[in-house]
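Okay, structure first, notes after.
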Amino acid sequence: QVQLVESGGGLVQPGGSLRLSCAASGFTFDIHAIGWFRQAPGKEREGVSCISSFHSSDGSPHYADSVKGRFTTSRDNTTVYLQMNSLEPEDTAIYYCASRFLLCTGWEDGAMDYWGKGTLVTVSS
């Protein structure tokens, strides 16, 4: 019943931009935190960002150091977005969105309850 569906992946040149979307259904979206994660070929999964609706409680949005200043996450009533600017070849990965109840606490460890199936981002000239 809980469903997270990523979209917006594709091929982009270095320095370009891409916006990913995570459409959520089957749960009370506004009281759940949504994180973005990625896994590059041959590498471990990395937490990219997390955003909740209780920013004063958890200080979100949070970002990995590797994307800070380049990526921005935001949300509306049903969808969480990841705006990716100044993309680098090192950003190439499958990107996943995931949810957890209330706050982003523990997001860096991948402590999420539900996961999408991912969307591929390839940064190459």
Side-chain angles (χ1 to χ4, degrees):
Q1 55 183 16
V2 173
Q3 190 170 51
L4 300 168
V5 180
E6 304 93 339
S7 62
L11 175 65
V12 64
Q13 294 184 346
S17 297
L18 208 60
R19 189 176 78 158
L20 305 183
S21 298
C22 175
S25 62
F27 64 104
T28 49
F29 176 74
D30 61 337
I31 59 170
H32 284 76
I34 306 295
W36 286 96
F37 301 80
R38 66 186 183 184
Q39 188 162 22
K43 296 186 177 181
E44 298 293 323
R45 184 184 64 199
E46 176 188 20
V48 174
S49 68
C50 186
I51 185 169
S52 77
S53 296
F54 306 94
H55 305 159
S56 63
S57 294
D58 65 6
S60 69
H62 300 290
Y63 300 96
D65 288 342
S66 59
V67 307
K68 188 164 51 180
R70 298 188 298 120
F71 292 9
T72 302
T73 189
S74 60
R75 62 193 295 163
D76 60 23
N77 290 335
T78 59
T79 308
V80 170
Y81 305 94
L82 184 68
Q83 178 66 47
M84 305 184 295
N85 299 325
S86 302
L87 284 162
E88 305 166 352
E90 294 75 22
D91 295 316
T92 296
I94 299 174
Y95 284 71
Y96 303 88
C97 65
S99 68
R100 64 172 289 130
F101 185 57
L102 289 180
L103 304 178
C104 286
T105 305
W107 77 278
E108 293 176 298
D109 297 325
M112 315 298 283
D113 298 317
Y114 299 98
W115 294 78
K117 295 186 180 298
T119 185
L120 177 63
V121 172
T122 302
V123 184
S124 176
S125 59

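Any value given below was found using the heavy atoms of this structure, including those in side chains, with hydrogens, waters and symmetry copies removed. Since this is a predicted model, take the numbers as computed values, not measurements.
Summarising the geometry of W107 relative to A64, their closest heavy-atom pair is CH2-N, 4.1 Å, with the distance given to 0.1 Å. G35 and M112 make their closest contact through N-CE, 3.7 Å (heavy atoms, listed as atom of the first residue, atom of the second, distance). The two residues I34 and F27 come nearest to each other via the heavy atoms CD1-CZ, 4.3 Å. The two atoms that bring R75 and A33 nearest to each other are NH1-CA, 4.2 Å, heavy atoms only. Nearest approach of S74 to I51, heavy atoms of both residues: CA-CD1, 3.9 Å. Of all non-hydrogen atoms in G110 and W115, the two that sit nearest each other are O-CZ2, 3.6 Å.
At least one donor-acceptor pair under 3.5 Å links the side chain of E6 to the backbone N or O of K117. Although no hydrogens or angles enter the test, the distance criterion places no donor-acceptor pair under 3.5 Å between the side chain of R38 and the main chain of V121. Between the side chain of T73 and the backbone N or O of Y81 there is at least one donor-acceptor pair closer than 3.5 Å. Although no hydrogens or angles enter the test, the distance criterion places no donor-acceptor pair under 3.5 Å between the side chain of T79 and the main chain of S21. Under the 3.5 Å distance criterion, the side-chain polar atoms of T122 are left unmatched by any main-chain donor or acceptor of T92. The backbone N or O of S60 lies less than 3.5 Å from a partner atom in the side chain of D58, making a donor-acceptor pair.
Note that the NE2 atom of H55 and the CG atom of L103 stand 10.5 Å from one another [nearest 0.5 Å]. Taking OG from S99 and CD1 from I31, the interatomic distance works out to 11.0 Å, rounded to the nearest 0.5 Å. With rounding to the nearest 0.5 Å, the separation of OG in S49 from NZ in K68 is 13.0 Å. Going from atom SG of C50 over to atom CZ of R100 covers 7.5 Å, rounded to the nearest 0.5 Å. Once rounded to the nearest 0.5 Å, the distance linking OG1 of T119 with CG of L18 reads 8.0 Å. The line from CD of E108 to CD of E46 is 10.5 Å long, rounded to the nearest 0.5 Å.
With contacts defined as side-chain heavy-atom distances shorter than 4.5 Å, the pair Y96/R45 does not qualify. Side chains of L102 and S52 form no contact here, defined as non-hydrogen atoms less than 4.5 Å apart. In this structure, D91 and F71 have side chains that are in contact, with non-hydrogen atoms separated by less than 4.5 Å.
F37 and V80 are members of different hydrophobic clusters when ILVMFWY side chains are connected at heavy-atom separations under 4.5 Å. Residue V67 is grouped with residue L20 when hydrophobic side chains (ILVMFWY) are merged at heavy-atom distances under 4.5 angstrom, including chains of intermediate members. When hydrophobic clusters are built by joining Ile, Leu, Val, Met, Phe, Trp and Tyr residues whose side-chain heavy atoms come closer than 4.5 Å, directly or via intermediates, V123 is grouped together with M84. With hydrophobic clusters built from ILVMFWY side chains whose heavy atoms lie under 4.5 angstrom apart, V48 shares a cluster with L4. Note: the hydrophobic cluster containing V12 also contains W36 (ILVMFWY, side chain heavy atoms under 4.5 Å, direct or indirect links).
A disulfide bond (SG atoms under 2.5 Å apart) check over residues 5-34, counting only residues at least two apart or in different chains, returns the pairs C22-C97.
Heavy-atom neighbours of Q39 CD from other residues, nucleotides or ligands within 6.0 Å: above the threshold of 12. A 6.0 Å sphere centred on OH of Y114 holds no more than 12 heavy atoms belonging to other residues, nucleotides or ligands.
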With side chain to side chain contact (heavy atoms under 4.5 Å, CB included) as the criterion, how do S25 and T78 come out once you've worked through the C-alpha distance, each side chain's angles and the decisive distance to 0.1 Å?
CA-CA 7 Å; S25 62; T78 59; over 6 Å; no
